[in-house]
Amino acid sequence: LRDIAHLVPGLSLLPGIANSLQYADGKVYAIPAQFGFPELVGREEVLRDIQTFADILAAPVDPYVMKIDTSDYTVNEMLRICMRDFLDDQGQVDFSSPDFVSFLDILGQIHDEGENTQEASEWAMSIGVRPNLLMLEIPYTDYGGDACAILQAPTMHGFRKLYKPEVQLGVPAKAANPELSEEFICLALSEEIGLGYNECFSTVPSLLDRLFEEKIAKYNEQGAYSFGEKEYAVPSEEYLTRLHALLREVEEPMPFVDDQVIAFIMEALPALYDGTATAEQTAQKIEQRAFFYLNE
């Protein structure tokens, strides 16, 4: 891809995103038109004291409802959210690090707790991890309606203002007409045109603001509604304002992690969950597989 750093000053992007685009070599190869937000959703009394990933274990919970599950989806998201805590001085993932072993140990405890509950459906969790969802009434309803709260998803050592780059725009190194490609990028990131929302949020501040203005107006007019057998509450203006503020504060992209490395982790977890391997043994197995794969 071509370096398109010269385009950034002329674009209207969220400041934290614009300031985080440079790669290690000082160049910019892609600009996200949209982003996901790794959020933690739940009742206010459940989220109140959460500051780190480990705090989820101590959060209050209905005895018949699990806090957070260990499905592939949730584990994948939490891995990427916490991944910077596992990097060494060279920016490589160190699966032997105490933080990664602790992460696995917490996953094992969450899994054990889920096994002891009577209800384990996705919509019954009292805490949820939601990276992209714009159908805001679904988590709002399922996590307590007016009692629903939202946090930036916690890492091993607290909160980072993370975002997940989506729909990234770049110019191929051998593009026949790079100037035309750059013009398209500028149009796609303009206030007048922009890209459709999909399930993510626009990186252009005015478009993000417009989205929330539209959502607040829609929900104030619509009120609660039924779909099928389920009735949905609509998010309060206070809840939407809180989410909007968190989105405008993002400043650090979630690190890229090779999907095959994620697969190694997921494949090693069943032994941790059934007690045939400790967190340390699981980390060692993942470290060995990742080492050989990344050095091939």
Side-chain angles (χ1 to χ4, degrees), residues 12-18 20 32-53 55-56 59 67-68 73-74 77-78 80-81 122-123 125-155 158-167 191 194-225 232-254:
S12 176
L13 298 173
L14 289 168
I17 291 180
S20 68
Q34 298 176 354
F35 69 101
F37 175 70
E39 64 192 28
L40 208 60
V41 185
R43 295 188 301 275
E44 170 62 31
E45 65 270 21
V46 175
L47 300 188
R48 184 177 298 122
D49 296 323
I50 293 179
Q51 296 290 324
T52 69
F53 182 48
D55 290 338
I56 291 173
K67 291 192 188 113
I68 192 169
Y73 171 82
T74 301
E77 288 302 321
M78 289 309 306
R80 295 176 190 274
I81 290 165
E122 180 181 2
W123 301 119
M125 294 184 292
S126 61
I127 300 175
V129 181
R130 305 279 166 193
N132 296 332
L133 206 58
L134 281 182
M135 295 181 65
L136 300 170
E137 60 270 32
I138 296 177
Y140 185 78
T141 299
D142 290 322
Y143 296 104
D146 288 343
C148 185
I150 184 171
L151 293 176
Q152 171 80 57
T155 68
F159 298 106
R160 284 196 177 100
K161 296 178 180 180
L162 298 172
Y163 69 92
K164 187 176 183 180
E166 302 279 5
V167 193
E191 297 181 359
L195 291 181
Y197 294 130
N198 294 329
E199 287 192 338
C200 305
F201 302 98
S202 175
T203 56
V204 179
S206 61
L207 298 182
L208 183 66
D209 295 347
R210 187 188 308 167
L211 168 66
F212 278 86
E213 290 170 2
E214 292 172 356
K215 287 286 184 182
I216 289 172
K218 171 188 172 183
Y219 290 144
N220 285 342
E221 179 180 345
Q222 178 180 21
Y225 68 96
Y232 292 98
V234 296
S236 67
E237 188 165 340
E238 179 182 0
Y239 178 87
L240 292 172
T241 300
R242 165 68 173 160
L243 174 57
H244 189 189
L246 289 173
L247 293 172
R248 290 191 66 104
E249 293 173 0
V250 298
E251 62 185 22
E252 183 179 356
M254 294 168 65

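If you read the sequence from its start, that first residue is 1, and numbering goes on from there.
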Please report the interatomic distance [atom1]([X]) to [atom2]([Y]), rounded to the nearest 0.5 Å.
| X | Y | atom1 | atom2 | result |
| --- | --- | --- | --- | --- |
| Glu213 | Ser206 | CD | OG | 9.5 Å |
| Phe212 | Tyr219 | CZ | OH | 9.5 Å |
| Ser20 | Leu162 | OG | CG | 10.5 Å |
| Thr155 | Gln51 | OG1 | CD | 10.5 Å |

Taking atom types as modelled, find out whether Thr203 and Tyr163 have a side-chain donor-acceptor pair closer than 3.5 angstrom. no
A side-chain contact here means heavy atoms from C-beta on lying under 4.5 Å apart; do Pro32 and Ile17 qualify? yes
Quick one, Gln152 and Pro38 - any side-chain contact, counting heavy atoms below 4.5 Å? yes
Taking Asn220 for its side chain and Ala217 for its backbone only, find out whether a donor-acceptor pair lies under 3.5 Å. no
Measure across [X] and [Y] and return the closest heavy-atom pair with its distance rounded to 0.1 Å.
| X | Y | answer |
| --- | --- | --- |
| Ile81 | Pro154 | CG2-O, 3.8 Å |
| Ile50 | Ile56 | CD1-CG1, 4.1 Å |
| Thr141 | Ala233 | OG1-N, 2.9 Å |
| Gly42 | Leu47 | N-CD1, 3.6 Å |
| Ser202 | Phe35 | O-CE2, 3.3 Å |
| Leu207 | Glu191 | CD2-O, 3.5 Å |

What about the rings of Phe201 and Phe37, do their centers lie closer together than 6.0 Å? no
Please evaluate residues Leu240 and Tyr140 with respect to the criterion side chain to side chain contact (heavy atoms under 4.5 Å, CB included), reporting the C-alpha separation (whole Å), side-chain torsions for both, the decisive distance (0.1 Å), and the verdict. CA-CA 10 Å; Leu240 292 172; Tyr140 185 78; over 6 Å; no
Could you pull out every donor-acceptor pair under 3.5 Å between side chains of residues 243-254 and any protein atom, sequence neighbours left out?
| residue | atom | partner | partner atom | Å |
| --- | --- | --- | --- | --- |
| His244 | NE2 | Asp209 | OD1 | 2.8 |
| Arg248 | NH1 | Asp209 | OD1 | 2.7 |
| Arg248 | NH1 | Asp209 | OD2 | 3.1 |
| Glu252 | OE2 | Arg84 | NE | 2.7 |

Which residues pass the side-chain contact (heavy atoms from CB on, under 4.5 Å) test with Thr241, sequence neighbours left out? Glu237
Please list, chain by chain and in numerical order, all residues satisfying side-chain hydrogen bond (donor to acceptor under 3.5 Å, both in side chains) with Arg160, sequence neighbours excluded. Asp85
